[in-house]
Asks: 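Below are the structure tokens for one structure; questions will follow.
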Protein chains: 2
Amino acid sequence: MILNYHSIMKNNSKISKQQYAYKVIKSRILDGRYPPGYKIVIDQLARELRTSAIPVREAIRNLEADGLIHFKPYSGAIVTPFNEKEYLETLSVLAVLEGFATAISAQHFPADRINELTEINERMKEALNDFDFLMFGNCNREFHSLTYQYCNNHFLTENIKSTWNRLDRVRKMGAATKPARAKKSIEEHEVIIDMLRGARSFEEIEAYVRTHKLNTVQAFLEEKNDRELRNYT
Amino acid sequence: MILNYHSIMKNNSKISKQQYAYKVIKSRILDGRYPPGYKIVIDQLARELRTSAIPVREAIRNLEADGLIHFKPYSGAIVTPFNEKEYLETLSVLAVLEGFATAISAQHFPADRINELTEINERMKEALNDFDFLMFGNCNREFHSLTYQYCNNHFLTENIKSTWNRLDRVRKMGAATKPARAKKSIEEHEVIIDMLRGARSFEEIEAYVRTHKLNTVQAFLEEKNDRELRNYT
DNA sequence: TTATTTCAAATCATATACGATTTATAAAAA
DNA sequence: TTTTTATAAATCGTATATGATTTGAAATAA
């Protein structure tokens, strides 16, 4: 591309102010600086970001669509309270969607990408050894993204992606991965890899992947149960 | 509630201008006045609605989250083109979600609401007799809403609802219901009612409801196939 | 005291005004 | 002719200013 006056001017790698505001607010929610229940005051934040209120408003609208913020007219935007029930509900939906998506994807999965899955799973083992749960979570997401990548249903993958984004908040807060579960999870991934290689039936794959993901919910509930029992003895 | 000065003043049943703009735009998309590909010009619409541009902008953001509009910076908002592939993709996802939701719901479904389902199904028969496909579609949605109402997973029902909303556009355009399919659909609803009454197994219910909904996709594809064959002969 | 009303401060919602970007068109150069 | 550059019109993006609504605290009445 030839650079004329206009194309030079625009290359200051600008993003719009509302995108900027969006990123700032989102990162602050994710890293806990804006904890659940925190009230975001538009004017105040606009001053801090050296913008007017409008870009901040629009950013907040987008975050509302992501489910990170709850907005009430004339009252303000508060960070959606962390809700254990909703967290488990979301995980269940994800299990159903990914189970279905992976089963479709398996029918078109190219043989030469199978070893990528093995590699990712190896990285998960390393992460677990290093107790690097953030890395573990990232690889886990990467693993599943690849398994359902060939499901050939764009709307489905978008739905899954936005569901993951909702969970991100909890994931980064660290409440997600339990060491005991992590080990089993890696083993189950190996089974999934074998199923993809072996071209197993649609129903079999869907059921296994769904169960694999629901096991995380189960683990969470059991761990919580133990914790509560301990508190009473 | 006691009425003081403020509460009197606010009772002019006002909705915010952006909500107003949202409703106007949405209805125009649904009734076809803004066809797929139509470019919505903010300033122009703002003048027509006697507001400033900002409420219109925000309404457009919301519609983008609904998937009705596609927005490109500095370029404008265009009504998302009707895309047959995406329509079928969305229906498939809905089949999976509703199958799962209904199976859970069945476990807690109260016996005294079963006959409501029968009533709705009767209304569908009438609608079909009158060739009132809009009514038919509405009842169909009502029927399924009730079947999965007791699934006890708020995130799941929200996801289903927003998926329905995406389909609304096509539904109201009338491309959805084929008479031949409609009749079978009613019969399948009767089977579903029996299953809810008979407390059948989770797997059985999930599979049946999913298939029921996927049959609509199938019918669409077959009808399309026929149509195309006719064009070549 | 307790409930109600009034009032002011904080904050959101919108209008107006202006600058920024894209897009299409016309002019100029190769 | 074809490609590139300049220009103008349309439209979007944001700042500033002002009106509208809520909220909470103080004042008043029961």
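So that the names make sense, note that chain A is the first sequence line, chain B the second, and so on, each numbered from 1. Quantities reported herein were computed from a predicted structural model and do not represent experimental measurements.
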Asks: Among dT11(D), dT23(C), dT14(D), which nucleotide sits nearest the side chain of Lys39(B)?
Replies: dT11(D)
Asks: State which of dG13(D), dA15(C), dC12(C) makes the closest approach to the side chain of Lys17(B).
Replies: dA15(C)
Asks: Give the rounded distance in Å between these two atoms: CD1 of Ile42(A) and P of dA17(D).
Replies: 19 Å
Asks: Evaluate whether atom NZ of Lys23(B) has more than 12 neighbouring non-hydrogen atoms of other residues, nucleotides or ligands under 6.0 angstrom away.
Replies: no
Asks: For dT14(C), does OP1 or OP2 lie under 4.0 Å from any side-chain N or O of Gln18(B)?
Replies: yes
Asks: Are Arg57(B) and dG13(D) close enough that a side-chain N or O sits under 4.0 Å from OP1 or OP2?
Replies: yes
Asks: Among dT11(D), dG13(D), dA15(D), which is the nearest nucleotide to the side chain of Ile54(B)?
Replies: dA15(D)
Asks: Which part of the nucleic acid, if any, lies within contact of Glu58(A), taking any heavy atom under 4.0 Å across all strands shown: a base, the sugar-phosphate backbone alone, or nothing?
Replies: nothing
Asks: Could you say whether Ser52(A) or Pro73(A) is positioned toward the 5' end of DNA chain D, judged by the nucleotide with the nearest heavy atom to each?
Replies: Ser52(A)
Asks: Using a heavy-atom cut-off of 4.0 Å across all strands, would you classify Ile40(B) as base, sugar-phosphate, or nothing?
Replies: sugar-phosphate
Asks: In this structure, how many angstroms lie between the P atom of dT14(D) and the OH atom of Tyr22(A), rounded?
Replies: 16 Å
Asks: How long is the line joining OH of Tyr20(A) and P of dT14(D), in whole Å?
Replies: 13 Å
Asks: Select one nucleotide: of dA15(C), dT14(D), dT23(C), the one nearest the side-chain heavy atoms of Ser75(B).
Replies: dT23(C)
Asks: Measure from CD1 on Ile15(A) to P on dC12(D) and round the result to the nearest Å.
Replies: 21 Å
Asks: Which of these passes side chain to side chain donor-acceptor pair (under 3.5 Å) with Gln18(A): Arg61(A), Arg57(A), Glu58(A)?
Replies: Glu58(A)
Asks: Please report, rounded to the nearest Å, how far the P atom of dA13(C) is from the CG atom of Asn62(B).
Replies: 12 Å
Asks: Answer with base, sugar-phosphate or nothing: what part of the nucleic acid does Leu45(B) contact at a heavy-atom distance below 4.0 Å?
Replies: nothing
Asks: With sugar-phosphate meaning primed atoms plus P, OP1 and OP2, does Gln44(A) contact a base, only sugar-phosphate, or nothing at under 4.0 Å between heavy atoms?
Replies: nothing
Asks: Counting heavy atoms from C-beta on, name the nucleotide in dC12(D), dC12(C), dT14(D) closest to the side chain of Tyr74(A).
Replies: dC12(C)
Asks: Please report the C-alpha distance between Asp66(A) and Tyr22(A) in whole Å, then the side-chain angles of each, then the deciding distance to 0.1 Å, and finally whether the side chain to side chain donor-acceptor pair (under 3.5 Å) criterion is met.
Replies: CA-CA 11 Å; Asp66(A) 294 346; Tyr22(A) 176 87; 2.4 Å; yes
Asks: Between Arg210(A) and Glu98(A), is there a salt bridge with N-O shorter than 4.0 Å?
Replies: no
Asks: So, are Arg123(B) and Asp132(B) salt-bridged, with charged N and O less than 4.0 Å apart?
Replies: no
